[in-house]
Amino acid sequence: MVSECQSACTFSHSQLLHSGAVLSALQTMAFFTHQVIRGLSSSAVRNAAIKHVTIIGGGQMGAGIAQVAATTGHSVVLVDTNEEILKKSAKGIEGSLKRVVKKKFADKPDAGAEFIAKVMANVSISTDAASVVGSTDLVLEAIVENLKIKQGLFGALDKVAPAHTIFASNTSSLPITDIASSTSRLDRFGGLHFFNPVPMMKLVEVIGTSATSQDTFDSLLAFSKALGKTPVSCKVRSSGIPYDTIHYVHHMPFRSIRLHERGHGSKEDIDIAMKLGAGYPMGPFELLDYVGLDTAKFIMDGWVEKDPGNPLMQPSEMLNKLVAEGKFGKKTGEGFYKYK
Ligand SMILES: CCCCCCC[C@H](O)CC(=O)SCCNC(=O)CCNC(=O)[C@H](O)C(C)(C)COP(=O)([O-])OP(=O)([O-])OC[C@H]1O[C@@H](n2cnc3c(N)ncnc32)[C@H](O)[C@@H]1OP(=O)([O-])[O-]
Ligand SMILES: NC(=O)c1ccc[n+]([C@@H]2O[C@H](COP(=O)([O-])OP(=O)(O)OC[C@H]3O[C@@H](n4cnc5c(N)ncnc54)[C@H](O)[C@@H]3O)[C@@H](O)[C@H]2O)c1
């Protein structure tokens, strides 16, 4: 509007003075109009429900989250580093859906098949995250538990994702504040900590940092509920070991390893004791194998680095040996227990 006014008119001196005042008034008005529209559009867009989700990392967690998001009608793009892995992710999702269908459509095989086809139609795959985030509402990361790699991923996507897009990490143990620090959208960054196996576990920890806007936090809570989950709100400290995770989940298994390493009990007996004595559905060693010993080691290494003097945060020789031998638990067929 301002450029039209400047190019379309020629004035006398007094008219010029007058038009100068008009021009600056118009410029001020144009500036504030622009701000209002920008403000409205971004908050209005930010308030819009999360419908399109880009999930980076098609492993245990990413595939599970993709399955639940697709089942609840969201449009999902699942991204990983190569086609091979993504084919395995899709196969895993179908396998899990078949377990759901066995119960949900027990005596209606056609309805079950239709249900699976409908869910899978909501999922597309890609090996190029930057090329698929152009119209996404949420980028949810579930890649390897490594701070630098997560920061590199989000830093790169921050440059190409739309302004309204929210970023979230499914990290088990890393401070969301640290992960978000590689981006310019600290107000639109949070944590969505799902629990394994995602199709079965109702809990999601919705994590906000001191910079996460209320709009963003509310959008993440609403998204978790839209997935049929029960979210809990977590505020995270900006440094030190993050208390944005239910730590019994982490400390219990690691304490069990220490007990076993010191000869206080076999892994089988410790598992039985926790299941029959504390009502856990899985013992700590079964859980470690289920979650992945590689992930568990990433978490422990991160804690040792953050808090080296803490006697609880000491590396485990047994865990390190298993991981060094490629024994990651269920995902490789052997961990603390054998699965093949
Ligand atoms: C650990 C230390 C380090 C921490 C690491 C990071 C921690 C992380 O950040 C947080 C976590 O996640 S912590 C981890 C938090 N998680 C936990 O603590 C998990 C604790 N464990 C449990 O809750 C139960 O053992 C399970 C639900 C996993 C399995 O149930 P179960 O009764 O023991 O035995 P079942 O016979 O197998 O399954 C029975 C039926 O359930 C259904 N179904 C099962 N899986 C399914 C799937 N993937 N899809 C679809 N459906 C699935 C299916 O209908 C199946 O019947 P089917 O005829 O066999 O098809
Ligand atoms: N395993 C669990 O029980 C559990 C539970 C809650 C949260 N988490 C967290 O979720 C994240 C993933 O854990 P997981 O168990 O699913 O791991 P996983 O090893 O099963 O899967 C990670 C996937 O990410 C992919 N990946 C790695 N770097 C990538 C990149 N730069 N771009 C795209 N894809 C990439 C890998 O190829 C792999 O398929 C971790 O941060 C972990 O702490 C794990």
Side-chain angles (χ1 to χ4, degrees), residues 57 59-62 141-154 168-182 189-196 201 203-210 232 234-262 264 267 270-271 274 278 280 282-331 335-336:
Q60 285 190 87
M61 297 308 286
E141 163 275 314
I143 66 173
V144 61
E145 185 72 343
N146 175 294
L147 180 59
K148 292 247 175 311
I149 299 177
K150 290 184 189 290
Q151 287 173 328
L153 173 75
F154 279 120
S169 172
N170 182 52
T171 178
S172 301
S173 65
L174 298 168
I176 301 293
T177 309
D178 293 358
I179 301 173
S181 65
S182 64
F189 205 116
L192 276 180
H193 183 218
F194 289 83
F195 284 69
N196 191 1
M201 307 303 284
L203 179 64
V204 177
E205 290 177 324
V206 180
I207 302 149
T209 71
S210 53
V232 293
C234 310
K235 281 291 168 199
V236 63
R237 297 189 328 165
S238 56
S239 62
I241 292 203
Y243 287 89
D244 58 356
T245 301
I246 297 185
H247 271 269
Y248 80 88
V249 158
H250 291 146
H251 281 307
M252 178 273 287
F254 289 121
R255 283 175 186 260
S256 305
I257 299 176
R258 300 236 186 287
L259 270 175
H260 180 48
E261 280 175 331
R262 290 191 201 116
H264 295 312
K267 52 184 185 293
I270 293 170
D271 276 356
M274 290 310 287
Y280 284 77
M282 281 176 171
F285 291 96
E286 288 171 339
L287 183 60
L288 279 155
D289 275 353
Y290 193 83
V291 158
L293 303 188
D294 51 337
T295 297
K297 179 174 172 1
F298 276 124
I299 291 169
M300 180 45 83
D301 292 350
W303 284 351
V304 170
E305 194 187 323
K306 273 238 183 260
D307 197 359
N310 186 331
L312 253 185
M313 306 294 164
Q314 295 308 314
S316 154
E317 259 174 58
M318 188 178 278
L319 178 64
N320 289 347
K321 182 170 178 297
L322 284 167
V323 171
E325 292 164 355
K327 295 173 181 170
F328 296 169
K330 264 192 126 167
K331 62 167 93 166
F336 283 104

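Throughout, numbering of the chain's residues begins at 1 and tracks the sequence.
- Ring-centre distance between Phe336 and His260: not below the 6.0 Å cut-off.
- Phe254 contributes atom CZ, which lies 5.5 Å from atom CH2 of Trp303 (distance to the nearest 0.5 angstrom).
- Side-chain contact check for Phe189 versus Ile179: some heavy-atom pair is nearer than 4.5 Å.
- Remark: the Ser172 side chain and the Glu145 side chain contain no N/O donor-acceptor pair separated by less than 3.5 Å.
- Looking at heavy atoms from C-beta onward, Ile270 lies in side-chain contact with Phe285 at the 4.5 angstrom threshold.
- Contact record, Gly283 with Asp271: C-OD1, 3.1 Å, taken as the closest heavy-atom pair.
- A 4.5 Å side-chain heavy-atom check between Glu305 and Leu147 finds every atom pair outside the cut-off.
- Looking at heavy atoms from C-beta onward, Leu288 lies in side-chain contact with Ile257 at the 4.5 angstrom threshold.
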| said: Does Lys297 form a side-chain contact (heavy atoms from CB on, under 4.5 Å) with Phe328? I'd like the steps, not just the answer. | reply: CA-CA 10 Å; Lys297 179 174 172 1; Phe328 296 169; over 6 Å; no
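- How far CG of Asn170 is from CD1 of Ile143: 11.0 Å, rounded to the nearest 0.5 Å.
- In this structure, Met61 CE and Glu141 CD are separated by 11.0 Å, a value rounded to the nearest 0.5 Å.
- Atom CZ of residue Arg258 and atom CG of residue Leu319 lie 9.5 Å apart, to the nearest 0.5 angstrom.
- The environment of NZ in Lys331 is crowded: more than 12 heavy-atom neighbours from other residues, nucleotides or ligands sit within 6.0 Å.
- The closest side-chain heavy-atom distance from His193 to Cys234 is not below 4.5 Å.
- Inter-residue side-chain proximity for Met274 and Leu287 is flagged as unmet; no heavy-atom pair is nearer than 4.5 Å.
- The distance from the OG atom of Ser169 to the CG atom of Asp178 is 11.0 Å, given to the nearest 0.5 Å.
- For the residue pair Gly292 and Gln60, the shortest heavy atom distance occurs at N-NE2, 4.3 Å.
- A salt bridge does not link Glu317 to Lys321: none of the charged nitrogens lies less than 4.0 Å from a carboxylate oxygen.
- Of all heavy-atom pairs spanning Pro175 and Lys306, the tightest one is CG-CE, 3.7 Å.
- Considering only heavy atoms from C-beta on, Ser316 comes within 4.5 Å of Glu261 through its side chain.
- Note: Lys150 NZ to Leu174 CG = 6.0 Å, rounded to the nearest 0.5 Å.
- The shortest distance between side-chain heavy atoms of Leu192 and Ile207 does not fall below 4.5 Å.
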